[in-house]
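Here the structure is laid out as structure tokens; the discussion comes afterwards.
Letters A, B, ... mirror the listed sequences (proteins, then strands); counts begin at 1.
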Amino acid sequence: MPYLTSTNEILAIVAKYTTAKTLWIDTEVAEYKSRNPKLSLIQVLDDPEDMSGDRVYILDVLDRPDLVVNFIEQIMFDSAIEKVFHNASYDVKLLGNKKAKNITCTLELAKKTPYYLLPLPNYKLQTLASVLCNFNYIDKQEQTSDWGQRPLTEEQIDYAYLDCIYLAQIHSRLLELQTESNPDAEQEDLIALGTRYTQIEEQCKLLNSEFEHLQERIKKAMQAQNVSETSFCKLTGYERKTVKVQFAELVKIVQNQGINLDFPVTLTQKLQKDLGQNLEQLSVDIDISTAWRLTPKNQVNEDESE
DNA sequence: AGTCGAGTAATGCTTGACTA
DNA sequence: TAGTCAAGCATTACTCGACT
């Protein structure tokens, strides 16, 4: 895990990365609580197979805006290079923001994976690494350490490069899960799917009804007993505020005050009916969409059907 | 601490089955 | 044919969790 501090070395490796197809990237930030967090490290891996860390380069960019700008322009803005991050929105904000191209976020990939295929208590990098790739004993202590200090400790460097390794491994496992869970709709076995569907339908109903019932009872009971927290759950109430006005009054004030306010209003069936003939004078926008609905058939038993 | 998208719960709307 | 009802959607207002 080469740790690079010299300008020339960093420029050279970034130049090399411009020909990469995919890069796995993580950053460490100093003063993250302040209003102006600054980049401390950019860790880059260009070979997902590497588990030794030899291919993770740690670029020290603390107080080196020139190097950061160079990285952003050479790598982040290049749509030919796929950049993989965990919770990309955080890192990308410091690395070119909206103009960054071709970003992949493993957090989003993981969340998109159906829960039953990837049942996890949370989607932290650490959790994904241990469940998906069997990396246990991950120490996250350094995450909140002082990334603005120099020299960095050995532990900090170790932590910094390991995150990239986890990232690449997680990414590849997530891609596997994705292909597995997104089969070609043309090729699906409708019989097998239907069998499974009816198989769990009854369980689903039973569980759901009990679950919802319990939820209601607990809510009611906690309110009645004035308990806000038990060892199982907590109950929080909040006020929902909705501001309403009569339509006629709104129209009047907009006209009288010359307020620039215009937006489409959905004409519900009731409104359409109320408008009656007048509807024809309006230049309505009609949006047509198809909603698909699955209705299970009651499988009739062969013996009973006669 | 700050951000931003995703999740959640309540509420209202639409639709289609059912009835008379 | 019109009225009623429940299931399923859509929308809204708010919270949560991920990163450092």
Can you measure A:Glu142 atom CD to C:dC19 atom C1' for me and round it to whole angstrom units?
17 Å

Between atom CD1 in A:Ile103 and atom C1' in C:dC19, what is the gap in whole Å?
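Going from CD1 in A:Ile103 over to C1' in C:dC19 covers 15 Å.
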
Relative to each other, are the rings of A:Tyr159 and A:Trp147 parallel, tilted or perpendicular (30° and 60° limits)?
tilted

With the threshold set at 4.0 Å, does a side-chain nitrogen-carboxylate oxygen contact exist between A:Glu31 and A:Lys38?
yes

Distance check: side-chain N/O of A:His86 vs OP1/OP2 of C:dA18, anything under 4.0 Å?
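Answer is no, no contact under 4.0 Å.
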
Would you indicate whether the side-chain heavy atoms of [Y] and [X] approach each other to under 4.5 Å?
{"X": "A:Leu39", "Y": "A:Leu95", "value": "yes"}
{"X": "A:Gln43", "Y": "A:Glu28", "value": "yes"}
{"X": "A:Trp24", "Y": "A:Ile165", "value": "no"}
{"X": "A:Leu120", "Y": "A:Leu128", "value": "yes"}

Crowding at CD, A:Glu154 (>12 non-hydrogen neighbours, <6.0 Å)
no

Got a donor-acceptor contact below 3.5 angstrom from the A:Thr106 side chain to the A:Phe85 backbone?
yes

Examine distances only and state if a side-chain atom of A:Arg55 and a backbone atom of A:Leu45 form a donor-acceptor pair shorter than 3.5 Å.
no

Could you check which residues of residues 22-30 of chain A get a heavy atom under 4.0 Å from DNA chain C? Sort them by number, please.
A:Asp26, A:Thr27, A:Glu28, A:Val29

For DNA chain C, what residues of residues 117-128 of chain A have any heavy atom nearer than 4.0 Å?
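Per residue number, the list reads A:Asn122, A:Tyr123, A:Lys124, A:Leu125.
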
Should A:Phe71 and A:Val92 be regarded as members of a common hydrophobic cluster, given that ILVMFWY residues are connected when their side-chain heavy atoms come within less than 4.5 Å of each other, either directly or indirectly?
yes

When you compare the protein's N or O atoms with those of nucleotides 1-5 of chain B, which come within less than 3.5 Å of each other, and at what distance?
| residue | atom | partner | partner atom | Å |
| --- | --- | --- | --- | --- |
| B:dA1 | O4' | A:Lys33 | O | 3.4 |

